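These notes are about the structure you will find just below.
Residue numbering restarts at 1 for every chain, and letters A, B, ... go by the order of the sequence lines. Note that the structure is predicted; figures quoted are calculated from it, not measured.
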Amino acid sequence: MRRALPALVFASVAGLAQAEPVVVGDAIPAPLTAAPGEPARGRAIVADRTRGLCLLCHPAPIPEERFQGNLAPSLAGVGARLTPGQLRLRLVDSRRLNPETLMPAYFSTAGLVGVADAWQGRPILRVEEIEDVVAYLATLRD
Amino acid sequence: MSPWRRQGWLPLLALLLGAAGPRSGFETMTPELQAMQRDDAGNPGMLSVLEGEALFAREGCAACHAAAALRGVAARYPAHDAARGGPIDLAGRIAECREQRAGRPPLPRESQPMLALQSFVAHQSRGLPITPDPRLAEARAEGERLFRERRGQLNLSCAQCHETLAGGRLAGANIPEGHPNGYPLYRLEWQALGSLQRRLRGCFTGVRAEPLAPGSPAALALEAYLFGRAAGLPIETPAVRP
Amino acid sequence: MARTLIRVPATATRGEVIEIRTLIQHPMETGYRPDAAGRLLVRDIITRFTCHFDNRLVFEAMLHSAIAANPYLTFTLRAEASGVLAFAWDGDHDFRHVETRALTVT
Amino acid sequence: MSSPTSPRSGTEPGRRALFGGLLTLALAPPAGATPEAMAEAIALFTGGATPELSAAITLDIPSLVENGNTVPVTIAVDSPMTEAAHVRAIALFNQRNPQPQVIEARLGPWSGAARISTRARLADSQRLTAVAALSDGRFLLAEAEVVVTLAACLEG
């Protein structure tokens, strides 16, 4: 019953026009930034319940974070199951793969309803943060 | 049909309904929290009920409403209001009654006296099943649309968490079905008694959505739908929740 | 004015150990909690609870920020004679609330 | 007790607002109490005496709580509560709140029993210690571990 999504509109960052991520199949193969992501920073974002929010739904191999959700698949081994490009698309806009997904689009503001003023027009993560998270998730191989 | 037979049906019906019917958030709390709610001498929400009782007497409400006659009222709200041609909730009715009949200045919805009056009135219906007003079908339909609409930066609907994923764990917290049968209730997170509107605001803020304005048609529609889907659950006011 | 809930058995037999339960409306603002602007909210807690039986101190508790809002406290007393129980809560910013209850011993 | 000047300097995302709601914590992350601070507070209560771990004192507190804001706790000591042998005081301490003290209660033979209940605030999962002061000068101790889960969807 959900409407088909309009053509994907990717968020742009504070006036600086972002190159639109190019989707190839089920992946965004090309990194969104020139500088590569940093896994340690990505881990911190994943662990942070107010930034990445990941642990609200996903269990992850971050033992110092005791209370992790069980609503979504474990992130353990996700780097072995998915390529960085596949991870990137799932972060940027998981709806591209499953319109009913629970997972928020971390770098798309398309089709959102009733967003609070403070978050209007802003993606959940910045491109650098997306790349950091992709870099971290890619290290989760067991 | 013999009375025996008729009675024989009821437990079976209750069992069937119980299995498939709505589940109060009470049932998924720890035994300690359940005990806190059950014990009138220890339930912190009872302080507001007491305050409401005193206000009810002091403001002259008792001149028209015998406390005994309030039994069952909260179980029927939100109700259809002919003048508005739509739903009115208990807080709205109390506000209207105070202002129009008793000529008192308005009380903000979230003010302590309003919460106290509301908890006193709702407490009179404790244990009675929610019986939705049949005239609110239209509002409930709109409420259900809102319940199923994804919203906010996190793009989540009420239904995704409180229907599909109820019983799961969001971080460390159990996701309840989200029924309104205990309000106003004492929430440990608030360390105070608060309204259903306050709780909804919390959910909306949580998904980074603009909250519905309390008392607005949209908020009343959602409230009407929530009470409709909780039909049969007993009023627990003042409930205790984590 | 703070509202309280006090549960004292209506009657007790001589020598019976009764349980007294008290609950009082109070925010118990810890002094460690920041407001929206990040400034610490000033501590506002009940620091002391006492129960006197006919003017004799029979129970006393010192409370800290780690006591939950709307402090709940139960304690016991051996009922030896009828008399008056006086409960007092004292706290920051000159907070003081006093309640009395009759105890009837048969 | 340490200074609360930097109440949010702790790394306790577990107790922080989920989903970006504003902060509604009862207690800031522990700026102060530590096992050492707790030991110090206990020493102050016992006048330096070492309390004995004893089955005669029970600390009844849920091992898992949904919200640390209001945690029911009962402390009881098995004592005849006579003039000759009674509990003089009961206290409760914690390791991870800003302050190690929770409550100190004074009682006597007129109490008839040595049992108090209250509700504590716990900033995090931690160990709690109850200590009873006996009329013969001894001190008894009981401990309990409490796991505090998180509350989700904190409101703004």
- Query: Do Thr109(A) and Gln153(B) come within less than 4.5 Å of each other through their side chains, counting heavy atoms only?
  - Reply: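 No, side chains not in contact.
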
- Item | Non-hydrogen side-chain atoms of Val113(A) and Arg150(B) separated by less than 4.5 Å |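 Side-chain contact under 4.5 Å: no.
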
- Toward chain B, the part of Leu102(A) with a non-hydrogen atom under 4.5 Å: both

For residues 85-95 of chain B, which side-chain N or O atoms pair as donor and acceptor with protein atoms under 3.5 Å away, sequence neighbours left out?
| unit_1 | atom_1 | unit_2 | atom_2 | d |
| --- | --- | --- | --- | --- |
| Asp89(B) | OD1 | Gly92(B) | N | 2.8 |
| Asp89(B) | OD1 | Arg109(B) | NH2 | 2.9 |
| Asp89(B) | OD2 | Arg109(B) | NH1 | 3.0 |
| Asp89(B) | OD2 | Arg109(B) | NH2 | 3.2 |
| Asp89(B) | OD2 | Gln197(B) | NE2 | 3.4 |
| Arg93(B) | NE | Tyr77(B) | OH | 2.8 |
| Arg93(B) | NH1 | Asp81(B) | OD1 | 3.1 |
| Arg93(B) | NH1 | Glu96(B) | OE1 | 2.9 |
| Arg93(B) | NH2 | Asp81(B) | OD1 | 3.4 |

- Message: Checking an interface table here. Which of residues 209-218 of chain B come within a heavy-atom distance under 4.5 Å of chain A?
- Response: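 The residues closer than 4.5 Å to chain A, in numerical order, are Ala209(B), Glu210(B).
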
- Item | Heavy-atom closest contact (Gln160(B) atom, Glu100(A) atom, distance) |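 That closest heavy-atom pairing would be NE2-O, 4.1 Å.
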
- Message: Tell me whether Glu138(B) at atom CD has more than 12 heavy atoms from other residues, nucleotides or ligands lying less than 6.0 Å away.
- Response: no

- Query: So does Asn98(A) have more than 12 non-hydrogen atoms from other groups sitting under 6.0 Å from CG?
  - Reply: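 Check passes, neighbour count above 12.
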
Quick one: pull up [atom1] in [X] and [atom2] in [Y] and give me the separation to the nearest 0.5 Å.
{"X": "Gln68(A)", "Y": "Leu170(B)", "atom1": "CD", "atom2": "CG", "answer": "12.5 Å"}
{"X": "Arg208(B)", "Y": "Asp117(A)", "atom1": "CZ", "atom2": "CG", "answer": "14.5 Å"}
{"X": "Leu71(A)", "Y": "Ile175(B)", "atom1": "CG", "atom2": "CD1", "answer": "4.5 Å"}
{"X": "Arg95(A)", "Y": "Asn155(B)", "atom1": "CZ", "atom2": "CG", "answer": "5.0 Å"}

- Item | side chain to side chain contact (heavy atoms under 4.5 Å, CB included) partners for Pro176(B), two or more places apart |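 Expected list: His162(B).
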
- Task: Indicate yes or no for a side-chain donor-acceptor contact from Asn70(A) to the backbone of Arg169(B) under 3.5 Å, with no hydrogens or angles considered.
- Result: yes

- Query: Please, which pairs that meet ring-ring contact (aromatic ring centres under 6.0 Å, His included) have at least one residue in residues 220-242 of chain B, sequence neighbours excluded?
  - Reply: Phe147(B)-Tyr225(B)

